[in-house]
Number of protein chains: 2
Amino acid sequence: MSFTITEENYIKAIFHLQQEDGNVSTNALAAELHTKAASVTDMLKKLKLKKLLSYEKYQGARLSIEGKKLALAIVRKHRLWEYFLVDTLQFGWDEVHEVAEELEHISSKKLVEKLDAFLGFPRFDPHGDPIPDSHGKMAIQQQVNLIDLPLNKPAEVCGVGSQSTQLLELLKHKHIGIGTRLEVKKTFSFDHSIEIKIRNQNSFTISQQLAQALFVKPV
Amino acid sequence: MSFTITEENYIKAIFHLQQEDGNVSTNALAAELHTKAASVTDMLKKLKLKKLLSYEKYQGARLSIEGKKLALAIVRKHRLWEYFLVDTLQFGWDEVHEVAEELEHISSKKLVEKLDAFLGFPRFDPHGDPIPDSHGKMAIQQQVNLIDLPLNKPAEVCGVGSQSTQLLELLKHKHIGIGTRLEVKKTFSFDHSIEIKIRNQNSFTISQQLAQALFVKPV
DNA sequence: AATTAATTTTAGATTTGTCTAAAAATAATT
DNA sequence: AATTATTTTTAGACAAATCTAAAATTAATT
């Protein structure tokens, strides 16, 4: 069975909105895919026929086993290509998302497996998100939100909570990137800002919003 | 200006059928693209509106400067990706065409340039075809059909005339591939077969059809 | 519980790329 | 030159994915 790019994008969007909780609503999907609710209804009927999801009128949708398998295959390709772009082609980690959105729809199974092997079977992409293996299994991330990191515990930045250019601009300015080592030195309850220290630099404070957008892992 | 995958495939097909001679006929295009003449007519009208080609009723089509530029960009991507698949991912050179047909439509300009640099700016793809550079210029191949190679002149296989699996199966069996060094030892006018000698092997004869499908360059 | 608000679905239209069947133009042949 | 054959175009229809506007359903609020 093979699917159109549009169908794959719907499946991926449902997968991302589904995480545990209940069914995905028509409106939520329309927003995620920058389309209209009426279009979503049509597509959900079609994807139900193809047995990729369960769907009842007015009740939203939920991926079937088949649908989840497809979603994981797409996510796998997306993240492997992101890793390739950053690691092999030296792209900035803030400029790979768009390109990977296209590459994730290349269908060759063999290509994915060869690419995975060439890259050395990476388990996390440049944004810190886990890459599903060829069976769809993902490593569980022991990453923690920077806001939750205990004082004076050395950690390494391993992911960001968004791909907005505004965030990435700020990170570039502060010289924070994937792999940056840091410790939290102090927290301020007034505005929930926190003071962090990067190796060989003076400490400085960052806003609550920024800290919430950063994921770190103890090192 | 951006184009659909279908439009790009039409432009590429016209480019390949156009080589020097006159205009490309509707029927020739329909055959090349496995579609019907009526569909081709519709698309030619559309591509004319987009100024990618000139077209007059019943007179066939010919690419404009713009159209040629687009065609060269697509061919560039196709051949760079083929090179990548063989050189970096260790694909067999007989299994890359299909995948490259998909990859050639990835739009990112930056990706193409970075890929080119990563590969070391190769000038010929694994089938021996020249790769257009970023300005659309191709190296001129001083390659010659094996049938035209003078006796006892050492040469190296640098291209094949078709991608048919039947041909590639035969080449694999005879241990002939890109880079294989050989000399022509004798020609037989009866059936136009030729006797060739590969370094460290006994000479053997190959058919006229096979010789015509092989391109070599003096070395 | 009744009314209002929000969400979701239907109905009908549009665009892109395709098709078949019939008409028009060009090319080949006697 | 007239007829036949081939090629190409038109006309009308269809499937995929989308849209707007109106109707139906569900959720929220008074």
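Throughout, protein chains are lettered first and strands after them, A, B, ... in sequence-line order, and every chain is numbered starting at 1. Please read these numbers as outputs of a predicted model, since none were measured by experiment. Computation of the quantities below employed the complete heavy-atom set of this structure, encompassing side-chain atoms and omitting hydrogens, waters and symmetry-equivalent molecules.
If you take CD of A/Glu56 and C1' of C/dT7, they are 17 Å apart, rounded to a whole angstrom. The nearest whole Å value for the distance from the CG atom in B/Leu44 to the P atom in D/dT10 is 11 Å. The distance between atom CG of B/Asp42 and atom C1' of D/dC14, rounded to the nearest whole Å, is 13 Å. Atom CD in B/Gln59 sits about 13 Å away from atom P in C/dA25, given to the nearest Å. Separating the CD1 atom of B/Ile5 from the P atom of C/dT18 is a distance of 12 Å, rounded to the nearest angstrom. The NZ-C1' distance, from B/Lys50 to C/dT16, rounds to 10 Å in whole Å. Whole-Å rounding puts the A/Phe3 CZ to D/dA16 P distance at 14 Å. As a whole-Å value, the separation of B/Asn23 CG from C/dT26 C1' is 15 Å.
Checked against A/Lys48 for a salt bridge (Lys or Arg N to Asp or Glu O under 4.0 Å), the options A/Glu56, A/Glu66, A/Glu7 give a single hit: A/Glu56. For the side chain to side chain donor-acceptor pair (under 3.5 Å) criterion with A/Lys12, the lone passing option out of A/His105, A/Glu101, A/His78 is A/Glu101.
Of the residues near DNA chain D, B/Lys57 and A/Glu7, the one whose nearest nucleotide (by heavy atom distance) lies more toward the 5' end is B/Lys57. Where A/His34 and B/Ala37 each meet DNA chain D at their nearest nucleotide, the meeting point lying more 5' is that of B/Ala37.
Taking the ring axis of A/Phe15 as reference, the NZ or CZ atom of A/Lys68 does not stay both within 45° of it and closer than 6.0 Å to the ring centre.
Between A/Asn27 and C/dA6, a side-chain N or O to OP1/OP2 separation shorter than 4.0 Å is absent. An OP1 or OP2 oxygen of D/dT9 is reached within less than 4.0 angstrom by no side-chain nitrogen or oxygen of B/Lys45. For the pair B/Tyr10 and C/dT18, the criterion of a side-chain N or O lying under 4.0 Å from OP1 or OP2 is met. For C/dT20, the OP1/OP2 oxygens have a side-chain nitrogen or oxygen of B/Lys36 closer than 4.0 Å. Contact check, B/Ser39 against C/dC19: a side-chain N or O comes under 4.0 Å of OP1 or OP2. Phosphate contact (OP1/OP2 of C/dC19, side-chain N/O of B/Thr35, threshold under 4.0 Å): present.
The side chain of A/Tyr58 has D/dT25 as its nearest neighbour among C/dT10, C/dT18, D/dT25.
You'll find the ring centres of B/Phe121 and B/Tyr83 outside the 6.0 Å limit.
Within the structure, salt bridge (charged side-chain N to carboxylate O under 4.0 Å, His left out) contacts touching residues 74-86 of chain A (residues at least two apart or in different chains) are A/Arg76-A/Glu113, A/Arg76-A/Asp116, A/Arg79-A/Asp125.
Within 4.0 Å (heavy atoms only), A/Thr26 reaches sugar-phosphate atoms of the nucleic acid but no base atom.
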